[in-house]
Amino acid sequence: MSGPLLGAAALRRRLTAVNARLVEAAELLEANPFREAAPAWLDASPRLASELLRLDDATLDTLELDAAALTERLGRLDGRYATLPALTSIGRWPDRPPAVPPAEPAHVPGRKWAQIRAFLGALAPDADPAVDWCAGKGHLGRQLHLRAGAPVRCIEVDAALCAGGEALARTLPVVFERRDVIADPPELHPEERVVALHACGHLHDLLIDRSARAGVRGLAFAPCCYHLGSDRGAPWLPAAQSGPRTGLPDELVRFAVRETVTAPRYVRRRRRLERSYRLAFEALRRELDARRPDYRAIPSVPGRLLSAGFPAFCAHAAAHLGLELPAELDAEHWLALGTQADARARRLELARAPFRRLLELRMVLDRALALAEAGYAVGVGEFCERALTPRNLLIIAERLT
């Protein structure tokens, strides 16, 4: 694999190619088989449909967790998948000593610690003042100081997390500022460097905006959850002026990060149970409300409602939609329909699953290019394996003047 993408020209070329492939695959991407049992592409791509619908359960389970194997398999049938590996290939940032100690502190979860080590390993040690943006307890900020001696400001809105971070920092020059970065953004300074490990959508967008306005010396951040912070249904919009100007629908932005590669098995089982409940209720709803054949969404439900069983789920969903359930509910019948519908939807969903990384790159490369337009030398690369976190893209930017 090649190295990180470096510089505005390289970012723009890849971004343009990524956007072109997404436009070409629009028919596959826009179809949500959970909501429509017969997407239009089934007739247009019969070989692809046949390949997916005949998958046995074991192969389905494997392909849902192995994007590379799925892409290779589908690439033998459909040219829209053949170039995805090249388009989504982003090299790793090189590890730079001194490394963060490998021993896991008792107060930092193991996976989080591994991410912090990998994140800091991609950065050149620097004693410039630093800001840990949306810091939590400041695990990243403390290690940033211990690695190179930098004084660190940790910006965090949660009072309990700030208190916990101050207790862990003790006498280190790591200070906490309790602040809502949206309602009351902190002042940033030209001599500072800003870091953020998995700042969600609106938080990393605000980080980019405030940092560029202040002309900070450098930024290093791993974006995450690109949909968070926007109104439900609002599209994601590009920021770079010299790149593609088309946005992305909210549903596709959410789809891009809807992965289970690091989820425990019990979490995957619970998600499948919820999907089958939702589809079973939808079949029932269409019988009760035949005048509205389109899928009707039910908001998120707590885990305890799933544990209470399908009749309880139906009662909750019917109350939300203002429907009256039949006196005798044949739960077994509707659950069988829901399970069957979910099996079909899971297979058809594989048609667009290989494009998740492409959708993510569409958003990350745009934000990186926007920083380049603001006067920064910018690169995008991976900082760890996807098995550690699927959100493993790291943007590093250095002020040019």
Side-chain angles (χ1 to χ4, degrees), residues 4 93-105 107-108 112-158 161-179 181 185-199 203-204 206-224 368 371 374-381 383-384 393-401:
W93 289 104
D95 290 331
R96 301 183 180 187
V100 175
E104 174 189 332
H107 51 267
V108 184
K112 186 68 172 180
W113 178 245
Q115 292 173 18
I116 289 172
R117 292 191 72 240
F119 183 99
L120 290 180
L123 307 184
D126 199 303
D128 290 332
V131 175
D132 186 354
W133 185 266
C134 301
K137 290 185 178 181
H139 299 319
L140 175 63
R142 285 197 314 280
Q143 293 303 320
L144 191 65
H145 164 73
L146 293 172
R147 186 169 184 252
V152 179
R153 286 196 293 150
C154 291
I155 312 298
E156 173 55 46
V157 67
D158 188 289
L161 293 177
C162 287
E166 288 171 343
L168 291 170
R170 298 177 184 173
T171 59
L172 296 177
V174 177
V175 298
F176 278 77
E177 296 181 21
R178 186 188 174 194
R179 187 184 293 269
V181 298
E187 184 178 359
L188 300 177
H189 307 288
E191 70 274 12
E192 290 180 314
R193 296 180 179 275
V194 186
V195 299
L197 177 53
H198 292 156
L203 301 178
H204 69 243
L206 191 60
L207 177 154
I208 293 170
D209 178 69
R210 301 297 296 189
S211 296
R213 288 189 187 188
V216 301
R217 184 162 294 169
L219 300 86
F221 62 100
C224 183
L371 274 171
Y376 287 83
V378 186
V380 176
F383 70 96
C384 67
L393 293 173
L394 172 61
I395 298 174
I396 299 179
E398 291 285 325
R399 191 179 65 216
L400 288 172
T401 58

Inset, instruction - Check whether any side-chain heavy atom of Val152 lies under 4.5 Å from a side-chain heavy atom of Leu140, and answer yes or no. - result: no

Legend entry - Heavy-atom closest contact (Tyr376 atom, Arg399 atom, distance): CD2-N, 3.2 Å

Inset, instruction - Could you tell me which non-hydrogen atom of Ala135 sits nearest to which non-hydrogen atom of Glu156, and how far apart they are? - result: N-OE1, 3.5 Å

Listed pairs under 3.5 Å, donor-acceptor, residues 116-127 side chains, sequence neighbours left out:
| residue | atom | partner | partner atom | Å |
| --- | --- | --- | --- | --- |
| Arg117 | NE | Val100 | O | 3.0 |
| Arg117 | NE | Pro101 | O | 3.2 |
| Arg117 | NH2 | Val100 | O | 3.0 |
| Asp126 | OD1 | Asp128 | N | 2.8 |
| Asp126 | OD2 | Arg193 | NE | 3.3 |
| Asp126 | OD2 | Arg193 | NH2 | 3.3 |

Legend entry - Over all atoms of both residues, closest heavy-atom pair of Val181 and Cys134: CG2-SG, 4.2 Å

Legend entry - Close side-chain approach of His198 and Gln115, heavy atoms under 4.5 Å: yes

Legend entry - Heavy-atom closest contact (Asp132 atom, Gly141 atom, distance): OD2-N, 2.9 Å

Legend entry - Close side-chain approach of Arg153 and His189, heavy atoms under 4.5 Å: yes

Inset, instruction - State which residues pass side chain to side chain donor-acceptor pair (under 3.5 Å) with Arg178; sequence neighbours excluded, sorted by chain then number. - result: none

Legend entry - Side-chain touch His139/His107, heavy atoms, less than 4.5 angstrom: yes

Inset, instruction - Output yes when a side-chain donor or acceptor of Arg142 lies under 3.5 Å from a complementary backbone atom of Lys137, and no otherwise. - result: yes

Legend entry - Heavy-atom closest pair, residues Val174 and Cys154: CG1-SG, 3.6 Å

Legend entry - Check: Phe221 and Ile208 side chains under 4.5 Å, non-hydrogen atoms: yes

Inset, instruction - Starting at CH2 of Trp93, measure out to CD1 of Ile396 and round the result to the nearest 0.5 Å. - result: 4.0 Å

Inset, instruction - Could you tell me whether the side chain of Trp133 and the main chain of Leu203 form a donor-acceptor pair under 3.5 Å? - result: yes

Legend entry - Qualifying residue, where the test is side chain to side chain contact (heavy atoms under 4.5 Å, CB included) with Leu188 and the options are Leu207, Ile155, Leu219, Val194: Val194

Inset, instruction - Might you point out which heavy atoms bring Val378 and Ala397 nearest each other, and give the distance in Å? - result: CG2-CB, 4.0 Å

